[in-house]
Structure formats: C-alpha cells, structure tokens
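Have a look at the structure below, then the notes.
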Amino acid sequence: MGQARAGGGAAGAPDAFSGAQYLMGLQAFVRLASFATNAVAVGIAGRRAFGIASVRLELLLSTLLFLSREGMRNAILRLQTADRGGGGDDQAQGAAPAAPRRPSTQDQRVINAALIPIAAGCVLAGCLYAAGVGRSSSEPDPDGVPHHRLSLVLYIVAALVELCVEPLFALSRTRVLFKLQARCEGIAVSCRCAVVIATLLVGQVAFDGGGANPLRLVAFAVGQLAYAAAILMAFAWFMSRELCYPVRRCYVPRAVPRDRAQPRDGDAIGGLAATFVGQSLLKHLLTQGDSIVLTRFAATDEMGVFALVSNYGSIPARIVFLPLEEASRAVFSRMAAAGSAQGDAQNAARIMETLGRLQLLLGALVVVFGPLYAPVLLSFIRQNDSAVCRALAAYCLYLPLMGLNGFLEAFVHSVASKRQLVRANAWMAAFTAAYMAAAALALGWLGLGSAGIIAANMLNMALRVAYCASFISSWYAQRQVAGPRVAAMLPHPAAVGACLAAGAITVVSAWFSGPVPHSAQGRLAMLALGAALGAAVLAAIWRCEQPFIQSVRALRSSPPHHAKAE
C-alpha cells in the first residue's frame, strides 16, 4: 500500500508540471490581452478611472473572492484523491445505465467543501455592500467619476457569480485538468476585454458631448461581470463532458460515509480550512496591502500609475511564476498526502532546487532587460513618464523575490501541520505590520509614490523568503534528510556574466542616445539592440546550463524518481 501511494505521488508530478504549460500559455494570453485592453482603455477612460477600477474596485473584488474561497481551496488540496476517477456510486453498485448517476464519495467530499465559499461569499458580499454604499452615500460619485455606486454593485454581483464556479473548479483541480482551466479562463478573459472596449466605445460615441466618457468606470464593472458569467458557463460546459453525472449535482450537498481507512482527511478538513482562512486573510493583506495603502494615502492619479505598473510589470509573474507555483503546490500536496516518505522528501528537494534555479535565471533576465527597455516599449503607447518608469524599474527588481517566494510557500503550505500553519500565520502578521508601516512611510511621508510601495513589497517578500527557507531547513533536519541546496539553485557564472555584459552594453548605449530616444527610428534601433543582446544571453544560458535544462525536461516529461516505500 505504501509503495502504491508513493507511486501515485510520483505520477502526479509530471502531470502537474506538464500541465503547467497550459497555465503558462493561458497567462501569456491573459497578460497580452490585458496589456492591449489596458492600453486602449487608459486612452479612452483616462488614468483616473483606470486607477479607481484597478485599485479600489479590484480590492473590493479580490477581498470578497479571496476571503470566501482561498482557505477552502487550499484545504481541498489536502483531501485524499486516490478515488478521483469520477465514477458515480450508483454505477459502482451496478445500477442500470439509464439510472441517474451521482458523484462518487470522494467527489462528493470535494463538492461539499467547495459549496461553502458560495455561502460565505453571500454573507461577505452583504457586509461589503453595506460598507461600500454607506461610505459613498454622501458622495455617490467620488473623485468626479460618474456611476461609482453602480460600478461597485456590479463588481459585487460579478464576485458572487464567479464564486458559483468553485465546485466545478475544485473537481477539475483534483483531476489536474490544467488544459480545461486554461480554456475556460481564456474564454472569460476574451469576453471581459471585448466587453470593456465595447462599452467604452459606446460611451464615447453615444455621449460625445465634448466631456469625459460617462461610462469610463462602468465599462470595467460590466467587463468583470461578463468575465464571471463566461467562466461559469465555460466550466459548466467543459466539466459536463468530463464528469459521469450531471453538472447540477455539483451544487447539491449530500452526506457521505466516513472514510475509516483515512479518517484524518474527513476530520481535519474543517480545522485546516479555518487555519487556511486565517492564513488567506494575512496573504490577502500582503498581496493587496499596496492597494489598501493606495486607497488610504494616494490620489487617484497615483492609483493609475500603480495600476499601469502592476499590470505591465506583472506579465512575467503571471506567465511563468504563477503557473509554476500552482503546479508545485499540487505536487507538494500529493507528496504530503503520500506520507512524506524519505523518497518523497528527497524528490521535493530536487524539485525545489530546479525551480529555484529556473526562477533565478528568469529573474536575472528581468532585472537586466526590464528597467532598461521597458521605458522604450511604454513610449509607443505614451505611458513613459518618469513616475511610471521609476515604478516599473522597481517592479523588475521585485519580481525575482516574488518567484522564489511562490514555490517556497507552496512547499510550506503543503507539508506544514496545523500548529505550524498557526505559527506561520503569526510570522506573516508581523511581516504584514512591517510592510504596511514601510509602505505608508514611503507613500505618505517620503513621497516616493508607487516606487516606494514596491520597495516596501520587496522588504516584505524578502522576509517571507527568509522564513520559508528557515522552515524548510528545519523540516528536513527533523527527518534527517538532505534538503534543497542553495548552491544548486545558483545559475552558472557564465550565464550571470552574460547578463551583466548585456546590461553594461545597454547602459553605454543609453548614455549616448538617452534612455528613450526621441525618434521612432532610434527607439526601434534600441529595441533591436535589446533583442540581439537577449538572444546572445539565451545562447549563453543554453550552452552552459545544459544539465539544468535536461533536469527541467525530465521534471516535465517523466515521473521523478522515488525511493521505494516499504
């Protein structure tokens, strides 16, 4: 039995990491589509409306979604998935083919847990609506942007519609259906982009009276509602072809017999969910702390600057870092469920070494090329003022820390006990306090703008990386197993030298021509230089990092080696 379970964990790793390519493709499409949509939207709606939608209303949306579903999503990953074949109980008992089939016992456990965020979201939506409308009752359209209250209501409705996806999303996640998830979100993002642009154009054409577009804020809210409706319908359609029972049964709670062979899963899911909810609240404060500080201390124009930078600068994070984090979280959770045998621990250490080196290589490319060439790219869409360029340069320095933290926290959340998670929450609370204080100082007193908030984020992320590294070292020491080695994560010196040489050449070139050449020909020439230097750096990495590249290919295409579990 132990050997079979270990093998199952091994098989999960290539499924997850090969499936991550679909998430990467999805994120590439999402970020590029969002980039194009935002470039058009800022030109039509203006930076102020874009800042309110991307900071203030997105904070409301993410708060509702994050607190409602994130804790339960992480807890569901701890459920044993050995029985995730999808067959119904009636079919297993030999019922007639015409009889309606029901979810299996394991699927029903997942469904029951995934229905909780919907109920929690309804309660939280009422509280947020009362708070939001109460604050805006005296001034329905703050900052001179019309239809603020209507936009707020539409965002809340969109969040409730999106929460209805949870049972279907949870079932697809237990089956590692990354391709299906990518299709559904790709459809939803396309609908959002199209609806936002269409609404803005309607407002510009129908209400062209020489003033600002009256639908400049409503367009983002209607687009979010279209996204929620589209992703719900897409999941319902595709999951109806994957499941052996009607989709409507995914919304019907049903009592299931207790699994005596694995009682811990059923007994601990509630406690783990509560622990993860607390952890999700802290994580939400960490990830949305910049929006909270901006809402409290910044003007709407500064919100627009930060929204632009976070949308453009997060393209590498969304395309590469987030899919790797999701895949590693799925793999580490399966390894933890398999019993944390020595072979699983060694395999997890090898995966972390590979991911660490990959993140540092990608981070080196972003740090070298991002701050130097991003202003040139932004000049083509007329968004290259000094505030945006400073904030974007800071964001490029922030990305490598974000990438490292992603898979390290994925391991901690996957293997930590309830007591260890509570202790981690306490540390995260301390880091949150330090971050909020630093961000308020940078924005309110030092006047550093968005760049100051990103610098505070770097401090926060460095503290989180240090804590995760300490936890992982202690976890492996307790099991007397060799943990991940920092030396194995460091890129080859030749690759680092190639990045530094490319950066030096770019700096010398910018010294003579200016950071952003005035003519279009000069900007194109600088981008051509960057493309040539980037190709040279990639060639150097390809030449000197072959062992690492082979390990990445092996991780993606074949089951990792596991020690035999007796």
Side-chain angles (χ1 to χ4, degrees), residues 13 16-17 20 23 70 73-74 77-78 275-276 279-280 282-287 314 316-318 320-336 340 344-364 366-367 397-417 420-432 434-435 457-479 481-491 548 551-552 555 560:
F17 283 106
L23 293 182
E70 193 69 16
R73 279 187 173 185
N74 289 333
L77 282 176
R78 294 290 189 97
T275 303
F276 279 126
Q279 195 169 35
S280 296
L282 290 171
K283 185 177 179 182
H284 178 67
L285 291 176
L286 289 168
T287 56
S314 62
R318 296 290 183 178
V320 180
F321 298 159
L322 183 61
L324 288 177
E325 178 182 348
E326 288 292 325
S328 60
R329 189 183 298 273
V331 170
F332 294 147
S333 296
R334 290 170 184 270
M335 291 178 178
S340 297
D344 293 311
Q346 292 173 342
N347 186 62
R350 186 178 68 83
I351 291 175
M352 281 189 281
E353 290 175 352
T354 302
L355 289 176
R357 193 159 191 161
L358 177 61
Q359 300 282 19
L360 290 177
L361 279 171
L362 295 173
V366 172
V367 168
L397 300 177
Y398 168 58
L399 284 173
L401 288 172
M402 185 190 300
L404 285 175
N405 179 75
F407 73 89
L408 293 178
E409 278 197 355
F411 181 85
V412 173
H413 294 168
S414 299
V415 304
S417 64
Q420 290 170 330
L421 287 173
V422 172
R423 187 182 302 118
N425 287 347
W427 280 104
M428 293 299 171
F431 299 156
T432 301
Y435 160 72
N457 264 316
M458 293 173 65
L459 171 64
N460 161 46
M461 202 61 65
L463 292 173
R464 291 166 67 176
V465 168
Y467 175 80
C468 291
S470 175
F471 176 92
I472 293 170
S473 176
S474 175
W475 189 86
Y476 275 92
Q478 290 175 0
R479 287 155 181 77
V481 179
R485 298 167 294 122
V486 175
M489 299 182 185
L490 299 178
F548 162 73
S551 67
V552 173
L555 182 65

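Of all non-hydrogen atoms in Val367 and Pro400, the two that sit nearest each other are CG2-CG, 3.6 Å. The two atoms that bring Leu361 and Phe548 nearest to each other are CD1-CE2, 3.6 Å, heavy atoms only. Shortest non-hydrogen contact noted between Ala349 and Ala482 is CB-O, 4.0 Å.
A donor-acceptor pair under 3.5 Å is absent between the side-chain atoms of Tyr476 and the main chain of Phe471, judged by distance alone. When atom types are taken as modelled, the side chain of Ser470 and the backbone of Ala466 share no donor-acceptor pair closer than 3.5 angstrom. Formation of a donor-acceptor pair under 3.5 Å by the Ser473 side chain with backbone atoms of Ala469 is not found in this model.
Considering only heavy atoms from C-beta on, Leu404 comes within 4.5 Å of Leu360 through its side chain. Inter-residue side-chain proximity for Pro484 and Met489 is flagged as met; some heavy-atom pair is nearer than 4.5 Å.
Taking CE of Met352 as the reference point, atom CZ of Phe411 lies at 4.0 Å (rounded to 0.5 Å). Here the NE2 atom belonging to His413 is positioned 10.5 Å from the CG atom belonging to Leu408, to the nearest 0.5 angstrom. Between Asn457 atom CG and Tyr435 atom OH the span is 4.0 Å, to the nearest 0.5 Å. Interatomic distance, Met428 CE to Leu463 CG, rounded to the nearest 0.5 Å: 9.5 Å. Here the straight-line distance linking atom CE of Met458 with atom CG of Leu399 works out to 9.5 Å at 0.5 Å rounding. Arg350 CZ to Leu355 CG: the interatomic distance, rounded to the nearest 0.5 Å, is 10.0 Å.
Among residues two or more places apart in sequence or in another chain, the ring-ring contact (aromatic ring centres under 6.0 Å, His included) test is passed with Tyr398 by Tyr395. For Ala430, there are no side chain to side chain contact (heavy atoms under 4.5 Å, CB included) partners two or more places apart in sequence or in a different chain. Shown here are the side-chain hydrogen bond (donor to acceptor under 3.5 Å, both in side chains) partners of Arg485, two or more places apart in sequence or in another chain: Glu353.
Under a cutoff of 6.0 Å and an axis angle of 45°, Arg423 and Trp427 do not form a cation-pi pair.
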